[in-house]
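This report concerns only the one structure given below.
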Amino acid sequence: MNGGDGGDVAAAPAGPPPPLEWKFSQVFGERTAGEEVQEVDIISAIEFDKTGDHLATGDRGGRVVLFERTDTKENIGSQRELERMDYIVSRHPEFRYKTEFQSHEPEFDYLKSLEIEEKINKIRWCQSSSGALFLLSTNDKTIKFWKVQEKKVKKVSDMNIDPSRAVGKASVASSSVSSSPKQCLANGSYADRSFNCLSNDLSFPPGGFSALRLPVVTSNETSLVARCRRVYAHAHDYHINSISNNSDGETFISADDLRINLWNLEISNQSFNIVDVKPANMEDLTEVITSAEFHPTHCNTLAYSSSKGSIRLIDLRQSALCDSHSKLFEEQEAPGSRSFFTEIIASISDIKFSKDGRYILSRDYMTLKLWDINMDSGPVSTFQVHEYLRPKLCDLYENDSIFDKFECCLSGDGLRVATGSYSNLFRVFGCAAGTTEATTLEASKNPMRRQVQTPARPSRSLSSSLTRVVRRGSESPGVDANGNSFDFTTKLLHLAWHPTENSIACAAANSLYMYYA
């Protein structure tokens, strides 16, 4: 995925990269055949940190689960030894469970008589420091800032009496001390010998102790502790659909249907409203905000998408309230193609910036679109994901599947994009110039089981010869590329691409699957 002038193409005559061959890596929370999935266990958010060494998932029960990478910690020799080797050590990311914590609890808004779900909508990693991990998590109304770090577990050792040798139920920690009045004699003795500081139930060695030792506090073991540092609440009247960190490391945005707020990580009781699309009369409302994300390197730039299929780029330097956009990205509707479902399927469910900030990937119900931020005439590539469902839009509207919000992601090198589909399938497309890569994978231990090579169908844009539009994907109605009917109850909504390697984590109900290529 490059800017695409003639010099770049001539300098690299090798052509597009070959399609990746995906392999199963790991699964966490795998279901056995026939096992019923609890609603609270269904994964609702996935996010890698910037290094790719940590992965976080959130679920509908308000829990956040952290995983850490293990394969980089193993000692595979010094750099010089690796350089001497005649072969490349091929390693793929391997993760293990790290910890989990309850991020959100169900609440009730008594003023609006509204129940607030504990479901985690989004997770975003913040910059780590001093060995501690920081992340933001949000449900529909409240954002929380979490710190996860290792704490040393303190234990009292070197006791005078071994608790394991105590007789009966008594122990050193719970030694009975009488609280009844005592008659004190000289030298601190008691008249009644039954009043001892230690319970008589404890057995003493014959001859007593030769010397008393002071107990020693040791801290050999460590445990992970998650602590909520700040709560950012009461700033959204509508459900929060996005949070995004700024590259300055100090601020972040949160977006709901009508507003985008700017926060400072250190200040939880104040935010600035930077986008407000709420009309004076709600009857005049024509579109809502569906997703928002900061530019990865420019701290003054952010993009947000709408339910009408448009993406707006705004510059925070222009004004305090950014109601006017600096750029608008939308695809013109083909004449005569409008129907009842046009606006519904045009609604963008997710947007992502490429790592270098040059491109924006958007996902609507039918397609993935790749936009160059320097070219607002139309997308540079369009990838067909659900074109085969077009004859079934009435059925999908009846069962509400047409409102499913699928996420999308880009590879770290910008050469490929991915998104989810039904029947626990996900699609990977190549977006380099000239590539025909279009792979369908299943979230199972055999990801290529449903794979059939689909012929690529490149086509030119009708609106502009300058726009390179690539349309690829299976278009057989009602069935996938292998002839199997689709199951609309099993949907793969959430997935994330490792920031530096070709590795994808995706959620199928309560199971987290990981693949590498």
Side-chain angles (χ1 to χ4, degrees), residues 22-46 57-61 63 65 117 119-121 344-345 347 349-350 363-368 383-409 417-429 438-452 454 473-497 504-515:
W22 292 92
K23 302 180 185 69
F24 169 78
S25 174
Q26 291 173 280
V27 59
F28 296 95
E30 185 181 20
R31 306 195 305 276
T32 57
E35 181 185 351
E36 189 175 342
V37 179
Q38 299 296 320
E39 178 81 10
V40 294
D41 294 331
I42 295 176
I43 296 172
S44 57
I46 300 179
T57 65
D59 63 26
R60 294 188 184 179
R63 294 179 298 255
V65 183
E117 288 183 315
K119 172 192 164 193
I120 305 296
N121 289 344
I344 301 174
I345 62 175
S347 177
S349 56
D350 190 27
R363 171 71 153 99
D364 56 47
Y365 189 72
M366 306 297 283
T367 63
L368 266 178
F383 308 99
Q384 299 295 341
V385 182
H386 282 163
E387 186 61 30
Y388 63 89
L389 292 177
R390 198 170 288 276
K392 289 181 166 291
L393 291 179
C394 281
D395 297 336
L396 294 165
Y397 180 77
E398 290 293 328
N399 62 23
D400 285 345
S401 293
I402 201 170
F403 302 106
D404 288 335
K405 299 186 187 315
F406 292 92
E407 293 180 0
C408 58
C409 58
V417 296
T419 190
S421 181
Y422 293 105
S423 300
N424 285 340
L425 300 180
F426 63 101
R427 312 289 305 276
V428 178
F429 298 97
T439 309
T440 302
L441 300 147
E442 183 182 42
S444 67
K445 287 188 175 181
N446 182 13
M448 307 295 281
R449 183 165 66 93
R450 306 274 289 260
Q451 175 63 22
V452 167
T454 309
S474 168
E475 302 198 7
S476 54
V479 296
D480 65 10
N482 209 19
N484 299 308
S485 59
F486 269 78
D487 179 6
F488 297 112
T489 61
T490 57
K491 55 196 82 170
L492 199 150
L493 301 176
H494 312 285
L495 76 173
W497 201 301
I504 292 178
C506 56
N510 66 327
S511 303
L512 176 67
Y513 286 90
M514 306 193 73
Y515 304 94

(request) Any chance you could measure I120, atom CD1, to R60, atom CZ, to the nearest 0.5 Å? (result) 12.5 Å
(message) I need the single residue from L495, L425, I43, L493 that forms a side chain to side chain contact (heavy atoms under 4.5 Å, CB included) with C506. Which is it?
(response) L495
(message) Any heavy-atom pair between the side chains of Q26 and L512 that's under 4.5 Å?
(response) no
(message) So, taking the atom named CG in L368 and the one named SG in C408, what distance separates them when rounded to the nearest 0.5 Å?
(response) 6.0 Å
(message) Under a 3.5 Å distance rule, please check whether Y515 uses its side chain to pair with a backbone N or O of L441 as donor and acceptor.
(response) no
(message) Quick one, I504 and W22 - any side-chain contact, counting heavy atoms below 4.5 Å?
(response) yes
(request) To the nearest 0.5 Å, tell me how far N510 CG sits from D59 CG. (result) 9.5 Å
(message) What's the separation between atom OH in Y513 and atom NZ in K445, rounded to the nearest 0.5 Å?
(response) 7.5 Å
(message) Just checking K23: does its NZ atom have more than 12 heavy atoms from other residues, nucleotides or ligands closer to it than 6.0 angstrom?
(response) yes
(request) Look at the side chain of D350 and the backbone N and O of R363, then say whether any donor-acceptor pair between them is shorter than 3.5 Å. (result) no
(request) Quick one: closest heavy-atom pair of R31 and A508, and the distance? (result) NH1-O, 3.7 Å
(request) May I ask you to check whether F406 and F426 place their ring centres under 6.0 Å from each other? (result) no
(request) Answer whether the closest heavy-atom distance between the side chains of I345 and R390 falls below 4.5 Å. (result) yes
(request) Apply side chain to side chain donor-acceptor pair (under 3.5 Å) to D487 and T489, showing your working. (result) CA-CA 6 Å; D487 179 6; T489 61; 2.6 Å; yes
(request) Any chance you could measure C394, atom SG, to N399, atom CG, to the nearest 0.5 Å? (result) 11.0 Å
(request) For A45 and N121, work out which heavy atoms get closest and say how close. (result) CB-O, 4.0 Å
(message) If I compare all heavy atoms of G420 with all of V385, which pair ends up nearest, and what's the gap?
(response) O-CG1, 4.1 Å
(request) Tell me, with the steps shown, if D404 and Y422 meet side chain to side chain contact (heavy atoms under 4.5 Å, CB included). (result) CA-CA 10 Å; D404 288 335; Y422 293 105; 2.8 Å; yes
(message) Please report the interatomic distance CG(N424) to OG1(T490), rounded to the nearest 0.5 Å.
(response) 4.5 Å
(request) Please answer whether the main-chain N or O of Y365 pairs with a side-chain N or O of H386 as donor and acceptor at a distance below 3.5 Å. (result) yes
(request) Look only at the side chain of S511 and the backbone of G29, and say whether a donor-acceptor pair between them is shorter than 3.5 Å. (result) yes
(message) So which atom in I46 and which in A496 form the shortest heavy-atom distance, rounded to 0.1 Å?
(response) CG2-CB, 3.8 Å
(request) Verify the neighbour count for atom CZ of F488: are there more than 12 heavy atoms of other residues, nucleotides or ligands below 6.0 Å? (result) yes
